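One structure is given below, encoded as structure tokens.
Nothing here was measured: the structure is a model prediction, and the numbers come from that model. In what follows, chains are A, B, ... by sequence order, proteins preceding strands, each numbered from 1.
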There are 2 protein chains.
Amino acid sequence: MPKMSDVARLAGVSTATVSRVLRNPDAVKTGTKEKVLEAIHQLNYQPNMLARHFRRTETKTILVLVPNIINTVFAEIVGGIEEQASKNGYRVLLRNTARKLEREYGSIEHLKQRQVDGMIMLSPQLDEATLNEISSQFPIVLATANLETPKIPFVSIDNVSSSYKATEHLIRLGHKKVGHITGPMDSLLSRHRNEGYRKALGDYGLDIDEQLVRRGHFSYESGFEQMMDMLGQNHVPTAVFAPSDEMAIGIINAAKEHQLRIPEDLAVVGFDNIRFASMFNPSLTTIAQPLFKMGQRSMELLLKKLNGESISQTEHLLPDELIIRDSCGARKKGKLLHN
Amino acid sequence: MPKMSDVARLAGVSTATVSRVLRNPDAVKTGTKEKVLEAIHQLNYQPNMLARHFRRTETKTILVLVPNIINTVFAEIVGGIEEQASKNGYRVLLRNTARKLEREYGSIEHLKQRQVDGMIMLSPQLDEATLNEISSQFPIVLATANLETPKIPFVSIDNVSSSYKATEHLIRLGHKKVGHITGPMDSLLSRHRNEGYRKALGDYGLDIDEQLVRRGHFSYESGFEQMMDMLGQNHVPTAVFAPSDEMAIGIINAAKEHQLRIPEDLAVVGFDNIRFASMFNPSLTTIAQPLFKMGQRSMELLLKKLNGESISQTEHLLPDELIIRDSCGARKKGKLLHN
DNA sequence: TTGTACGCGTTATCAG
DNA sequence: CTGATAACGCGTACAA
């Protein structure tokens, strides 16, 4: 592999000049520049990036920590990050945490060892104190994460108001017994979605029937199981708000096992608007998160940090949208009942 | 940030010794080793990986090229790769090609610039000559890709026999008019699946009705559109083999639009066994690819290449499996008709 | 505008 | 078993 000195020799200049042609072409006279470029071409020279990174103590690489890449929600955010990163000359290192806390800690080592210039964490599980500690030393951005006392830039939607909107939709369709299966309650995001649900019921003067509120963890299985269990009881909901589409599908399938029709006997609203939401039968009414955009935005914020620019605000809430399809019954009535 | 020389000074040894403690501890006397480790601990020293990578001309990083990370099929393979990589001290750089050929070419630059030690390509679009050319210079492995004349190690399932199996299943359920919507025919993988379909029909003495064979490209949309079109014609299939689950779902939804019952009026077999295959209504009969394992295996092969070990064979075909669920009708008949 | 010369932090070589 | 020292290839003061 030819090195810079080879180019320099062939072009009859010094390595300094070759380096300048590569990094700051305007500082070189046109004639010499051409000679150098010609030599580069002739030798098919490629700069040794390892040497460059070492010399400049930067890697042009960012780390993306994902709880689980197989989850389409995360995959789509990663897609947005990658797009924005590569557009700006950055590469994306992917690490699956498999929801192991120690793998999140491990990523700190990565930063310390200068293996990456910065990091984006999706749904981190680390406590806020630790996150703040890392953030004070390295450029990091959070995605799909809310913070109690935000000090680190993060990208999210407003989980309270979106859940409120979803629940309200069901209430305005006439439902009095609206159930909810939560995500894991150690996650602030789940608590926020739960909060929006409760707020909506309260605002519309409906009591919260704690028997209709169950604990799950976003998954299809937890939706199915909790719903099966709920339907085995003596009083059942006429509508359910689920904090993920996967869970909504689990709920619907459980209801079908009990010979319930969707949406006539049970209305369901999901969350995320995954690709599959519109393909399912019935198609899911759901809250659409702009996942790809959230990925892009996280990377934009990280880029600012990497470039030393200041970030005015820490909360970056992107607009969500209630997508009305067939699982809630609004479309069955010929026209929407409200809005 | 403390450097190796700081550790050396504190421990009263040379940098060479510190380096040895880190990389080849057995070559250092226990006493000195302890002194050094103590100093490392006291200074909270972290080796500068950039310097190490530069010095050793290796990055402990591999590149994974994905057509589209949002596709669950690829995401799952990536999951397997990442797991195996991190288990062996390698990091995974993720690049989305968005099916742009130039991004595949770009990855070659990456290798040339020594930014990564090797590469795994998922469903590459580059021609075999180019792939062979790259492979002769750098360690690469292919996944979900078949080759006309295999010279590069690749991991796949046997697409011909699995498609044969899927089609045969439909035939043995009594279907005479078995349709097929293909993937893009510039992909060898699609051609193989098409080949298995045709072979099965031929072996069972059934004519291939070219009107029942349509061109698609794995997507839900192409399945839906082609099926809608097919159902608008005067003669229609009683069963369809789809080369992806997404497409199978599109086909089913199109059939439902035409008031057809699945599987009574139309039996469908899909491919991939994506997570949603079992959640869908009806649940999909499909060919299960061991995607995660395929990812792991690709990484194992790449590790061998990186370690200079020889790889005996180039074709690594993993076992697939026909998963019988509700979309084909076999289960409706009380018991399987065959097996 | 260009060249010289040094340093980045680690590892490998070689001598002791 | 340990130490001194020379690379690795590039970027950048500083000098010309």
Side-chain angles (χ1 to χ4, degrees), chain A residues 1-40 43-61 89 109-117, chain B residues 1-40 43-61 89 91 109-117 308:
Chain A
M1 279 286 144
K3 53 179 84 166
M4 198 178 261
S5 56
D6 297 325
V7 176
R9 195 177 322 111
L10 182 61
V13 298
S14 74
T15 59
T17 301
V18 178
S19 177
R20 277 189 278 259
V21 169
L22 258 35
R23 306 197 46 73
N24 185 18
D26 297 336
V28 182
K29 201 162 58 176
T30 320
T32 13
K33 184 157 47 186
E34 273 164 10
K35 274 193 300 182
V36 172
L37 289 173
E38 171 58 22
I40 285 174
L43 294 172
N44 193 19
Y45 166 75
Q46 299 271 11
N48 180 333
M49 287 307 194
L50 263 51
R52 175 178 292 180
H53 292 329
F54 167 53
R55 180 59 234 243
R56 311 191 65 208
T57 35
E58 72 170 15
T59 58
K60 287 290 180 185
T61 306
E109 303 302 294
H110 239 77
L111 287 160
K112 285 193 185 156
Q113 296 169 349
R114 299 186 191 70
Q115 306 224 46
V116 292
D117 298 344
Chain B
M1 280 286 147
K3 54 180 81 163
M4 197 176 262
S5 55
D6 296 326
V7 176
R9 196 177 321 113
L10 182 62
V13 297
S14 73
T15 59
T17 299
V18 177
S19 179
R20 275 189 279 260
V21 170
L22 258 34
R23 304 197 47 73
N24 185 17
D26 297 337
V28 182
K29 200 165 55 177
T30 320
T32 12
K33 184 158 45 185
E34 274 165 9
K35 273 193 302 183
V36 171
L37 289 173
E38 171 57 24
I40 286 175
L43 294 172
N44 193 20
Y45 164 77
Q46 298 272 9
N48 180 334
M49 288 306 197
L50 263 50
R52 174 179 293 179
H53 291 329
F54 166 53
R55 179 58 235 236
R56 311 191 66 211
T57 35
E58 73 171 13
T59 58
K60 287 290 180 184
T61 305
R91 310 176 303 163
E109 304 302 294
H110 240 77
L111 287 160
K112 285 192 184 156
Q113 296 168 348
R114 299 188 191 68
Q115 306 224 47
V116 292
D117 299 343

Whole angstrom value for the distance that separates C1' of D:dC10 from CD of B:Gln113: 14 Å

Intermediate values then yes/no, side chain to side chain contact (heavy atoms under 4.5 Å, CB included), B:Lys35 and B:Thr32: CA-CA 5 Å; B:Lys35 273 193 302 183; B:Thr32 12; 4.0 Å; yes

Spacing of B:Arg9 atom CZ relative to C:dG9 atom P, expressed in whole Å: 12 Å

Rounded distance (Å) that lies between atom P of D:dG9 and atom CG of A:Leu43: 15 Å

Rounded distance (Å) that lies between atom P of C:dG9 and atom CZ of B:Arg23: 18 Å

Comparing B:Thr57 and B:Lys33 on DNA chain D - which has the more 5′ nearest nucleotide: B:Lys33

Touch class at under 4.0 angstrom, heavy-atom based, for A:Arg20 against every strand present: base

Rounded interatomic separation in angstrom, taking NE2 from A:His53 and P from D:dG11: 10 Å

Centroid under 5.5 Å and tilt under 30°, B:Phe54 to D:dC8: yes

Value in whole Å for how far the P atom of C:dG9 lies from CD of B:Glu58: 20 Å

Atom-pair distance (CG on A:Leu22; P on D:dG11), nearest Å: 7 Å

Presence of B:Lys29 side-chain N/O under 4.0 Å of D:dC1 phosphate oxygens OP1/OP2: no

Below 4.0 Å: OP1/OP2 of D:dG3 and any side-chain N or O of B:Thr17: yes

Touch class at under 4.0 angstrom, heavy-atom based, for A:Met4 against every strand present: sugar-phosphate

Short side-chain N/O contact from A:Ser19 to OP1 or OP2 of D:dC10, under 4.0 Å: no

Touch class at under 4.0 angstrom, heavy-atom based, for A:Val13 against every strand present: sugar-phosphate

Identified side-chain contact (heavy atoms from CB on, under 4.5 Å) partner of A:Pro2 from the options A:Leu43, A:Ile40, A:Leu10: A:Leu43

C:dT2 phosphate, OP1 or OP2, under 4.0 Å from A:Thr32 side-chain N/O: yes

Closest nucleotide among D:dG11, D:dT12, C:dT10 to the B:Asn48 side chain: C:dT10

C:dA12 base / B:Arg55 side chain donor-acceptor hit below 3.5 Å: no

Side-chain N,O (B:Tyr45) to OP1/OP2 (C:dG9) below 4.0 Å: no

Rounded distance in Å - CG (B:Leu50) to P (C:dT11): 13 Å

Selection from D:dC10, C:dG3, D:dG11 that lies nearest to any side-chain heavy atom of A:Arg56: D:dG11

A:Leu22 side chain reached by A:Arg52 side chain, heavy atoms, under 4.5 Å: yes

Under-4.0 Å side-chain N/O to phosphate OP1/OP2 contact, A:Arg52 with D:dG11: yes

Short N-O contact, A:Asp6 and A:Arg9, less than 4.0 angstrom: yes

Side chains of A:Lys60 and B:Gln115 in contact at under 4.5 Å (non-hydrogen atoms): no

Any side-chain heavy-atom pair of B:Arg114 and B:His53 under 4.5 Å: no

